[in-house]
Amino acid sequence: HARVHVWATMTLERLGDTLENESSPWSALYDQCLLWDGSTGMATQDKQYKAANEWQHYDRLVHRLLQSRCHAPFQKQCRKQVPRSYEPRFQATQNSYLESLENIFACDNSHIAQFCDLPARLLWVFLQFYADKEPFWWGKAAFTTAEYAARMHAAMLKRAREKNTEKLALKFMDKITAILVQKGPCKLRDLQRSCNQQSAEHFRPTLNLMERQGLLQVDEQKRFRLVGPS
């Protein structure tokens, strides 16, 4: 009865750009949708998918619900009931799960809200495949899947930011190189003055990248100088 919104079509480059732009209209979607890497978990066409029958069952179920919504919106929907014996265990696991979200999204607390009730929503999905005589498995499956989704979301945000930082550093590299060619070895404050007093943090990703690439060295006076041909 509750939908899970998934967003899997944005490139990491576009994601990184919008994350840095607080005024972007896309920013609000990161707090409402689950970022999902569409390149993972795809079934190959030349191999038989292990869960083909389960996917067909779920596909029929979803279409049946859609038909009911479209053509019989006032029809009472059947809800799967969680056994009462599982309720205390669910609450205890939910508390542990919420603590894990605090660690996963240590730098992105605003993203936690959409994942808080994800296990409860996923329970409905796994209950569709549960048979009475089967061993109890769907509670653990819901929490494991929810935590996996949260970690994937956080990992995509991290990769997007790293990619965006590298892109900006490469773009700024030419500017720093031109300053050092013109003025010679410079301290950080000299670079700041040459770039309209931009903050020191603005320079660090580019300076670190140039050092890693062997294009830049720091002397005893903490001056940056170019190495090799400019």
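When each of R189, Q182, K183, K175 is tested with S194 by the rule side chain to side chain donor-acceptor pair (under 3.5 Å), just one qualifies, namely K183.
Between the side chain of H153 and the main chain of L35, a donor-acceptor pair closer than 3.5 Å is present. Formation of a donor-acceptor pair under 3.5 Å by the Q221 side chain with backbone atoms of C186 is not found in this model. Side-chain N or O atoms of T144 include none that pairs as donor or acceptor with a backbone N or O of A141 at under 3.5 Å. Without hydrogens or angle criteria, D190 side chain to K187 main chain gives a donor-acceptor distance under 3.5 Å.
Contact of the I104 side chain with the H111 side chain is not registered, since no non-hydrogen atoms from C-beta on lie closer than 4.5 Å. For the pair L118 and L34, the minimum side-chain heavy-atom distance is below 4.5 Å. Inter-residue side-chain proximity for E211 and F224 is flagged as met; some heavy-atom pair is nearer than 4.5 Å. Put simply, the side chain of T177 does not reach to within 4.5 Å of the side chain of L180, judged on heavy atoms. Using a 4.5 Å heavy-atom cutoff, the side chains of M210 and L226 are in contact.
Interatomic distance, D117 CG to L123 CG, rounded to the nearest 0.5 Å: 11.0 Å. Annotation: the span from L207 atom CG to I176 atom CD1 amounts to 4.5 Å, rounded to 0.5 Å. Rounded to the nearest 0.5 Å, atoms CG (L209) and CG (L215) are 8.0 Å apart. The CG atom of L216 sits 9.5 Å away from the CG atom of N208 when rounded to the nearest 0.5 Å. Here the CD-CG distance, from Q114 to L101, works out to 10.0 Å after rounding to the nearest 0.5 Å. The CG atom of N164 sits 12.5 Å away from the CZ atom of R14 when rounded to the nearest 0.5 Å.
Here the shortest heavy-atom pairing between A146 and P119 reads CB-CG, 3.7 Å. Closest approach of G214 to V227, counting heavy atoms only: O-CB, 3.7 Å. When all heavy atoms of A154 and F105 are compared, the pair lying nearest together is CB-CE2, 3.8 Å. Nearest heavy atoms, C116 versus Q94: O-NE2, 2.8 Å.
Other residues, nucleotides and ligands contribute at most 12 non-hydrogen atoms within 6.0 Å of the NZ atom of K140. In the displayed structure, R89 atom CZ is contacted under 6.0 Å by at most 12 heavy atoms of other residues, nucleotides or ligands.
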**OP:** Please lay out, stage by stage, how R161 and D108 fare under the test side-chain contact (heavy atoms from CB on, under 4.5 Å).
**Re:** CA-CA 12 Å; R161 289 194 176 103; D108 292 291; 2.7 Å; yes
Subject >> Working for side-chain contact (heavy atoms from CB on, under 4.5 Å), residues L98 and E102 >> reply: CA-CA 7 Å; L98 293 177; E102 294 287 346; over 6 Å; no
**OP:** Under the side-chain hydrogen bond (donor to acceptor under 3.5 Å, both in side chains) rule, what do Q91 and N95 come out as? Steps first, then yes or no, please.
**Re:** CA-CA 6 Å; Q91 191 57 53; N95 293 337; 3.3 Å; yes
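Salt-bridge formation is not detected for the pair D17/K163: no Lys NZ or Arg NE/NH1/NH2 atom is positioned less than 4.0 Å from an Asp or Glu carboxylate oxygen.
Using cut-offs of 30° and 60° for the angle between ring planes, the F90 and F143 rings count as tilted.
Ring-centre distance between F115 and Y97: not below the 6.0 Å cut-off.
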